Amino acid sequence: MFSAPRGTSDVLPAEQPYWREAIDAAERLCRLFGYARIDTPVFEQADLFERGAGEGSDVVRKEMYVFEDRSGERLALKPEGTASICRAYLQHGMGNLPQPVRLYYLSPTFRYERPQAGRRRQHTQFGCEAIGDADAAVDAEVIELLWRLYADLGLGDLVLLLNSIGDRTCRPRYLEALRAHYQPHLRAVCRDCRDRYARNPLRLLDCKQASCQPVIATAPSIIDYLCDDCRRNFDDLRRYLDALDIPYELTPHLVRGLDYYTRTVFEVQPRGGGAQSTIGAGGRYDALIEELGGKPTPATGFATGIERIVLNLRQQKASVPTATTPQVYVAHQGVEARVEAFKLTSLLRREGVSTVVATGERSLKSQMRQANALGAAWVAILGERELAAGTVQLRNMADAGQRELLQREAIQFLTGTTR
RNA sequence: GUGGGCGUAGCCGAGCGGUUAAGGCGCCAGGUUGUGGCCCUGGAGAUCGAGGGUUCGAAUCCCUCCGUCCACCCCA
């Protein structure tokens with residue numbers, strides 16, 4: 001027997017309403033905020049992500065689905081959304097559009113990881129990118145959109161973590177200071193941290209090992225090392241967020257796994273959430289477009305995981321959205337009536353009435369049972385007697401009321417009442 | 001990639017060396033002559049995750065693999 005590959009799963013009809021709810025809310029907000037949808041391929045040249053996320057990032061080092069196609073081209077399944085959007089921005093000359101260009105996407109994303117709660121090898125990201133503007137107002141805008149999304153969905157008790165990780169001018173100075181701080185503690189610190197010290201010192205701040213906490217606690221704060229431009233930008237952002245009454249927690253040790261981030265970084269998680277709890281995250285990436293071969297172009301955005309949203313929706317919301325049920329079930333008895341029932345079904349559908357017809361050789365009793373199980377509001381019964389009279393029995397499944405109408409009247413009636 | 005828990009019909013789940021492998025939900029069919037939801041009766045559906053081993057005998061013990069869940073790494 002086949003089963004879905006490890007770390008992938010089917011979204012069955014019963015869960016679809018949650019997805020609909022999340023996606024509808026996201027798309028409605030995008031219209032409201034002036035973001036236009038863009039779809040990019042699920043795979044791209046592998047280099048795009050290596051240049052984007054960074055060769056040193058875990059995502060490209062060990063989590064990318066890389067493969068060669070039949071012509072030997074090196075491709076990769078999208079491990080994140082931003083690089084593709086930037087590629088499209090460049091490829092289609094969007095630098096000539098009014099800036100910033102506001103885009104959103106809804107896309108499957110792939111990472112080869114050990115599956116875990118809230119973590120799959122294929123997941124779906126909804127993301128917004130505003131490209132071509134360095135104003136902190138744009139950061140505030142995408143954060144507001146993300147925050148509104150969760151609010152509209154009724155997700156409560158979320159925390160917005162906020163930090164600035166500086167830019168090309170000030171971050172190197174900070175990293176120097178951070179390394180200097182760690183140098184004397186290298187033996188006391190965990191193995192991973194020794195590795196981070198060499199490879200990705202910013203991540204030192206993110207370590208959860210108890211042994212490393214004292215060193216983190218006394219580490220210099222990046223906020224104190226921001227250059228004037230970065231500081232101004234960060235102050236602006238906070239003013240905007242304050243003006244919008246969006247609460248945030250300054251988190252000087254918040255860092256991100258992708259190399260392209262500059263200045264603003266943020267993350268949204270349920271308060272007191274466990275390991276894989278972050279439901280949305282993002283930040284500014286002012287150097288990425290240039291890195292991909294464009295002119296220097298500031299940009300900012302976020303991505304949020306639909307599966308993680310759905311996970312939280314299911315936990316937090318008691319109300320289960322309704323599943324799809326037909327309005328009318330057409331039952332029949334006798335060979336002649338079969339075809340007539342099939343025809344009646346078609347006529348009802350042409351009037352926009354969602355209708356299901358009984359198929360196979362089942363007794364009327366069985367058909368009624370099925371109509372009930374499917375949740376049909378009405379059953380139209382066509383037997384030999386009705387066939388002869390050109391009528392149909394209309395049964396209201398809620399109150400068991402039933403009456404006989406001419407077919408034409410029945411169609412008219414159902415069209416009216418089910419609208 | 002590392003560590004731990006778990007894998008019995010579509011779903012939940014008992015059994016833990018010798019049973020025709022419980023039970024519930026769901027599905028299908030009947031409960032008289034053309035009709036649902038409740039109830040009653042019957043039925044279908046399981047190579048007990050896969051492969052190997054121990055044993056007279058294995059769903060039950062051992063090994064390997066696969067899957068799943070949880071934690072780490074990292075991330076949405």
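Note that the structure is predicted; figures quoted are calculated from it, not measured. A note on names: the letters A, B, ... follow the listed sequences, proteins ahead of strands, and every chain is numbered from 1. Heavy-atom basis, side chains included; hydrogens, waters and symmetry copies ignored.
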(request) May I ask which nucleotide in the shown strands pairs with B:rU35, Watson-Crick or G-U wobble, both distances under 3.5 Å? (result) none
(request) May I have the distance from A:Glu113 (atom CD) to B:rA76 (atom P), rounded to whole angstrom? (result) 9 Å
(message) Determine whether the aromatic ring centres of residues A:Tyr35 and A:Tyr104 are separated by less than 6.0 angstrom.
(response) no
(request) Verify the neighbour count for atom CZ of A:Phe342: are there more than 12 heavy atoms of other residues, nucleotides or ligands below 6.0 Å? (result) no
(request) Take atom P in B:rC27 and the same atom in B:rG10, then report the distance between them in whole Å. (result) 15 Å
(message) Within the 4.0 Å heavy-atom criterion, would you say A:Thr124 contacts the bases, only the backbone, or no part of the nucleic acid?
(response) nothing
(request) Please state the P separation for the pair B:rG43 and B:rG36 - nearest whole angstrom. (result) 23 Å
(request) Have a look at A:Gly360 and say if it touches a base, only the backbone sugar-phosphate, or nothing, with a 4.0 Å heavy-atom cut-off. (result) nothing
(message) Taking atom types as they are modelled, would you say the side chain of A:Arg369 forms a donor-acceptor pair with the base of B:rG30 within the 3.5 Å cutoff?
(response) yes
(request) Using the C1' atom as the reference point in each nucleotide, state the distance between B:rA46 and B:rG23 in Å, no decimals. (result) 15 Å
(request) Say whether A:Tyr329 and A:Gln370, considering side chains only, have a donor N or O and an acceptor N or O under 3.5 Å apart. (result) yes
(request) Identify whether the distance between the nearest side-chain nitrogen and carboxylate oxygen of A:Arg37 and A:Asp39 falls below 4.0 Å. (result) yes
(request) Check if the side chain of A:Gln402 and the base of B:rU35 share a donor-acceptor pair of N or O atoms closer than 3.5 Å. (result) yes
(request) Report yes if at least one side-chain N or O of A:Gln333 is closer than 4.0 Å to OP1 or OP2 of B:rU35; otherwise report no. (result) no
(request) Look at A:Arg28 together with A:Asp152 and state whether they make a salt bridge at an N to O cut-off of under 4.0 Å. (result) yes
(message) Please report the distance separating the P of B:rC40 from the corresponding atom of B:rG26, rounded so that it comes out in whole Å.
(response) 12 Å
(request) Go through the N and O atoms of the side chain of A:Asn372 and the base of B:rG37, and report whether any donor-acceptor pair is under 3.5 Å. (result) no
(request) May I ask you to verify whether the side chain of A:Arg114 and the base of B:rU2 hold a donor-acceptor pair under 3.5 Å? (result) yes
(request) Write down the distance separating the C1' atoms in B:rG17 and B:rU55, rounded off to the nearest Å. (result) 9 Å
(message) Work out how far the C1' atom of B:rC65 is from that of B:rC74, and round it to whole angstrom.
(response) 27 Å
(request) Counting Watson-Crick and G-U wobble pairs only, both distances under 3.5 Å, name the nucleotide matched with B:rC61, or none. (result) B:rG53
(message) What's A:Arg196 touching, base or sugar-phosphate or nothing? Going by heavy atoms closer than 4.0 Å.
(response) sugar-phosphate
(message) Does either side chain, that of A:Thr304 or that of A:Tyr150, offer a donor lying less than 3.5 Å from an acceptor on the other one?
(response) yes
(request) Mind calculating the distance between CD (A:Glu129) and C1' (B:rA76) to the nearest angstrom? (result) 13 Å
(message) It should be established whether A:Arg362 places a side-chain nitrogen or oxygen under 4.0 Å from OP1 or OP2 of nucleotide B:rC28.
(response) yes
(request) Round to the nearest Å and state the distance from A:Gln370 atom CD to B:rA29 atom P. (result) 8 Å
(request) Tell me what A:Ala400 touches on the nucleic acid: a base, only sugar-phosphate, or nothing, going by heavy atoms under 4.0 Å. (result) base
(request) Could you check whether A:Ala281 gets within reach of a base, just the sugar-phosphate, or nothing at all, counting any heavy atom under 4.0 Å? (result) sugar-phosphate
(request) Using a cut-off of strictly less than 4.0 Å, decide whether A:Arg395 has a side-chain nitrogen or oxygen near OP1 or OP2 of B:rG36. (result) no
(message) Whether the side chain of A:Asp133 engages the backbone of A:Asp135 through a donor-acceptor N/O pair (distance < 3.5 Å, no angle test) should be reported.
(response) yes
(request) Kindly point out which of B:rC28, B:rA76, B:rC70 is positioned nearest to the side chain of A:His123? (result) B:rA76
(request) Tell me which nucleotide among B:rA76, B:rG36, B:rC74 gets nearest to the side chain of A:Met368. (result) B:rG36
(request) Using a heavy-atom cut-off of under 4.0 Å over every strand shown, decide if A:Gln367 touches base, sugar-phosphate, or nothing. (result) nothing
(message) Tell me whether the side-chain N/O atoms of A:Ser363 come closer than 4.0 Å to OP1 or OP2 in B:rG30.
(response) yes
(request) Please determine, for B:rA76, whether a Watson-Crick or G-U wobble partner exists with both distances under 3.5 Å, and give it or none. (result) none
(message) Suppose we define a pair by two distances each less than 3.5 Å, Watson-Crick or G-U wobble; what does B:rG43 pair with here?
(response) B:rC27
(request) Measure from the side chain of A:Ile381, starting at C-beta and using heavy atoms only, and say which of B:rA76, B:rG34, B:rC72 lies closest. (result) B:rG34
(request) Can you tell me, in whole Å, how much space there is between the P of B:rU60 and that of B:rG51? (result) 12 Å
(message) Measure CG/A:Leu374 against P/B:rC28 and give the value in whole Å, please.
(response) 9 Å
(message) Pick the closest RNA chain B nucleotide for A:Leu364 and for A:Ile306 by heavy atoms, then say which residue is nearer the 5' end.
(response) A:Leu364
(message) Rounding to an integer number of angstrom, what distance separates B:rA71 and B:rG15 when you compare their P atoms?
(response) 28 Å
(message) Hydrogens and angles aside, do A:Lys78 and A:Ser107 bring a side-chain donor and acceptor to less than 3.5 Å of each other?
(response) yes
(request) Between A:Val59 and A:Lys365, name the one whose nearest nucleotide on RNA chain B is closer to the 5' end. (result) A:Lys365
(request) Name the closest nucleotide to the A:Ala117 side chain, picking from B:rA71, B:rA29, B:rC74. (result) B:rA71
(request) Starting at atom CZ of A:Phe110, determine the distance to atom P of B:rC74, rounded to an integer number of angstrom. (result) 24 Å
(message) With a cut-off of less than 4.0 Å, is there a side-chain N or O of A:Thr109 near OP1 or OP2 of B:rA76?
(response) no
(request) Answer yes or no: side-chain N or O of A:Glu386 and base N or O of B:rG34 forming a donor-acceptor pair under 3.5 Å. (result) yes
(message) Can you tell me which nucleotide in B:rC74, B:rA76, B:rC69 comes closest to the side chain of A:Glu63?
(response) B:rC74
(request) Mind calculating the distance between CG (A:Leu311) and P (B:rC69) to the nearest angstrom? (result) 11 Å
(request) Tell whether A:Arg385 reaches the base of B:rG34 with its side chain through a donor-acceptor pair below 3.5 angstrom. (result) yes
(request) Inspect the contact between A:Glu50 and A:Arg74 and indicate whether a charged nitrogen and a carboxylate oxygen are less than 4.0 angstrom apart. (result) yes
(message) Looking only at the aromatic ring of each residue, does the gap between the centers of A:Phe413 and A:Trp378 stay below 6.0 angstrom?
(response) yes
(message) Rounded to whole Å, please give me the gap between CZ in A:Arg6 and P in B:rG67.
(response) 5 Å
(request) May I ask you to say what A:Arg120 touches in the nucleic acid, namely base, sugar-phosphate or nothing, with a heavy-atom cut-off under 4.0 Å? (result) base
(message) Applying the Watson-Crick and G-U wobble criteria at under 3.5 Å, what pairs with B:rU19? Answer none if nothing qualifies.
(response) none
(request) Would you mind classifying the nucleic acid contact of A:Ala337 as base, sugar-phosphate or nothing, using non-hydrogen atoms under 4.0 angstrom? (result) nothing
(message) In this structure, how many angstroms lie between the C1' atom of B:rG36 and the CG atom of A:Leu394, rounded?
(response) 15 Å
(request) Could you tell me which nucleotide pairs with B:rU68 by Watson-Crick or G-U wobble geometry, both distances under 3.5 Å, or answer none if nothing does? (result) B:rG5
